[in-house]
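Indexing begins at 1, ligand by ligand and atom by atom, following the structure's order.
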Amino acid sequence: MSSDKVRLALLGCGTVGTEVVRLLHEQSADLTARIGAPLELVGIAVRRPGRQRGSDIDPALFTTDALGLVKRDDVDVVIEVVGGIEPARSWLTEALRAGKSVVTANKALLAEDGATLHDAAAEGGADLYYEAAVAGAIPLLRPLRESLHGDRVTRVTGIVNGTTNFILSSMDATGAGFGEALDEATELGYAEADPTADVEGFDAAAKAAILASLAFHTRVTAADVFREGMTGVTAADMASAKEMGCTIKLLCIAQRGPDSAGTDSVSVRVHPAMIPRSHPLAGVGDAFNAVFVEAEAAGQLMFYGRGAGGTPTASAVLGDIVAAARNRLSGTRAPSESSYAHLPIRPIGESVTRYHISLDVADRQGVLATVAGVFAQHEVSIATVRQSGREDDATLVIVTHGAPDANLAATVEDLRALDIVRSIASVLRVEGGA
Ligand SMILES: NC(=O)c1ccc[n+]([C@@H]2O[C@H](COP(=O)([O-])OP(=O)(O)OC[C@H]3O[C@@H](n4cnc5c(N)ncnc54)[C@H](O)[C@@H]3O)[C@@H](O)[C@H]2O)c1
Ligand SMILES: N[C@@H](CCO)C(=O)O
Ligand code: NA
């Protein structure tokens, strides 16, 4: 590489890419001072070069040949803000194997096949940075990858999807149902035209896999993550949570601990859960993200901020560019992948959870005993029982102690089959001491 400057290739110039270009221009003098050499943008790969993307971008920089740009000899750092698995994976493996540093925001690729990228980085002796891939602007991956490397992380609990947090916060504040809150999120530009990746938890599951891999020094992919979306959360569920002094959040939970055979293992899940209002994550409103990390020596840590949006996400990309550029100038490298622990993934059925179950039952003698018997049969201990209404219109709200998820699921299935249970109004997992 040229020793008097660091040359950048940008792949993609959409929401995040345009902000990366703007910040590179606006902060050029400061970035040069911090790095010790100027950054030079030598090319931008786009699909449609004629599109307007800001008046200060030199049109000569645009190309539709991303692979050709990656392969150029005068490129030191490749920044990928296109997204998706292919062709991004091919571009980035090509760059890394050739010893070029990579900065990417591509959570989908890292979660599905991070191994290929890490292996290519090891092969090429190159840096792979991806702070923007999880919780946008929030510095989270660097703390997990560096600051906490002297400690043992035991649990990561996060709100890592802004769209669904906006929807659930709005349902909590106004009593609206899911559909109405989703419409509001779409109108305000928080939800995409096709909100599936957000509301069905795919986006959060990708982020959970990346967080778990870093936290537990073990390769975890999106396929290892138990995922349940939040489209089934109703206004009645939220009202029920409120009555218990709780709210409902879409959580990603990555946990390390012994499985039923006592083997150290990792469980990673994404699902809606009731949490008490006193929990630090309960107050995270609007489209904000927050991640709560627990480590043996550090104790509890909380990371909070904007997890999406062009400008906040570009902030994380720029931080990674600076780190990669400094490393190139000093001939050093970012910490390489740490996956030595090879911990097994625990299936969801073995994850210990608590449930909140709301049942519509007949208010007759023996009903409570029968219902309690089903819990006992599956070795699920009941923590609290509350009854409201009378005769044909009674509701039982049961909160359990922690039990393996499979036992809880089997309990709910058997309850559904009872004649005395007219309907199961809601089943929600409970987290955080409620
Ligand atoms: N937008 C956010 O808030 C946010 C937050 C965190 C991470 N990310 C991640 O950042 C990445 C980019 O997101 P975005 O919101 O900027 O998306 P975007 O859709 O706005 O931009 C992607 C751009 O890539 C271009 N592109 C597609 N195929 C291409 C090709 N073959 N060659 C060149 N360009 C091509 C598209 O035309 C588009 O302009 C994704 O991986 C996303 O997950 C986005
Ligand atoms: N759709 C994501 C964008 C950031 O990954 C969100 O709502 O948080
Ligand atoms: Na981040």
Side-chain angles (χ1 to χ4, degrees), residues 9-21 43-53 62-70 78-92 103-112 129-145 158-168 182 185-186 188-208 210-211 214 230 250 252 286-291 303-320:
L10 179 67
L11 312 180
C13 201
T15 307
V16 179
T18 30
E19 285 302 289
V20 169
V21 177
I44 306 175
V46 293
R47 255 195 317 214
R48 285 158 297 166
R51 228 186 101 207
Q52 189 64 35
R53 292 181 176 85
F62 291 116
T63 173
T64 52
D65 180 11
L67 187 60
L69 177 58
V70 166
V78 172
I79 305 150
E80 186 265 315
V81 280
V82 169
I85 310 301
E86 284 295 348
R89 175 170 49 197
S90 302
W91 299 332
L92 299 188
V103 172
T104 176
N106 194 335
K107 63 209 135 193
L109 173 56
L110 280 153
E112 178 159 318
Y129 281 107
Y130 46 100
E131 182 61 71
V134 183
I138 307 174
L140 176 62
L141 304 194
R142 193 167 281 114
L144 283 171
R145 196 179 177 182
I159 295 171
V160 292
N161 183 270
T163 307
T164 48
N165 200 48
F166 179 88
I167 294 170
L168 288 168
L182 172 63
T186 312
L188 293 172
Y190 288 109
E192 294 187 26
D194 178 1
T196 311
D198 293 318
V199 299
E200 295 297 351
F202 290 102
D203 176 77
K207 293 165 177 168
I210 297 168
L211 289 174
L214 288 169
M230 46 72 72
L250 183 71
C252 95
D286 206 41
F288 279 88
N289 283 194
V291 178
F303 299 82
Y304 170 87
R306 292 194 187 280
T311 315
T313 306
S315 163
V317 172
L318 264 284
D320 283 352

- Message: If we ignore hydrogens and angles and just use 3.5 Å, is the side chain of D320 paired with the main-chain N or O of E131 as donor and acceptor?
- Response: yes

- Select all protein residues for which some heavy-atom-to-ligand 2 distance is less than 4.0 Å, and list them by chain and number. K107, N161, G162, T163, D198, D203, K207, G307, A308

- Query: Looking at Y129, does the NZ or CZ of R145 lie under 6.0 angstrom from its six-membered ring centre and within 45 degrees of the ring axis?
  - Reply: yes

- Task: For a side-chain contact (heavy atoms from CB on, under 4.5 Å) with L11, tell me which candidate from L67, V70, I79 qualifies.
- Result: V70

- Query: Taking Y130 as the fixed residue, which of N106, I210, V103 is the one that meets the side-chain contact (heavy atoms from CB on, under 4.5 Å) rule?
  - Reply: I210

- Message: Can you pull out every salt bridge (Lys or Arg N to Asp or Glu O under 4.0 Å) where at least one residue sits in residues 194-205? Sequence neighbours excluded, please.
- Response: K107-D203, D203-K207

- Item | Any side-chain heavy-atom pair of P195 and L182 under 4.5 Å | yes

- Message: Looking at E19 and G310, would you say the former's side chain and the latter's main chain have a donor-acceptor pair under 3.5 Å?
- Response: no

- Task: To the nearest 0.5 angstrom, please state how far the CG atom of N165 sits from the CG atom of D286.
- Result: 8.0 Å

- Can any side-chain N or O of E80 pair as donor or acceptor with the backbone N or O of L10 at less than 3.5 Å? no

- Message: Donor-acceptor check, side chain of T164 to backbone of N161, threshold 3.5 angstrom: yes or no?
- Response: yes

- Query: Hey, what do you get for CZ (R89) to CG (L110), rounding to the nearest 0.5 Å?
  - Reply: 11.5 Å

- Item | Residues in contact with ligand 1, criterion: heavy atom under 4.0 Å | G12, C13, G14, T15, V16, A45, V46, R47, V81, V82, G83, W91, A105, N106, K107, A132, A308, G309, T313

- Message: With heavy-atom distances below 4.5 Å as the criterion, would you say the side chains of L250 and I159 are in contact?
- Response: no

- Heavy-atom donor-acceptor pair, T163 side chain to Y190 backbone, under 3.5 Å: yes

- Please indicate how many protein N/O/S atoms are found closer than 3.0 Å to the Na ion (ligand 3), with waters neither displayed nor included. 5

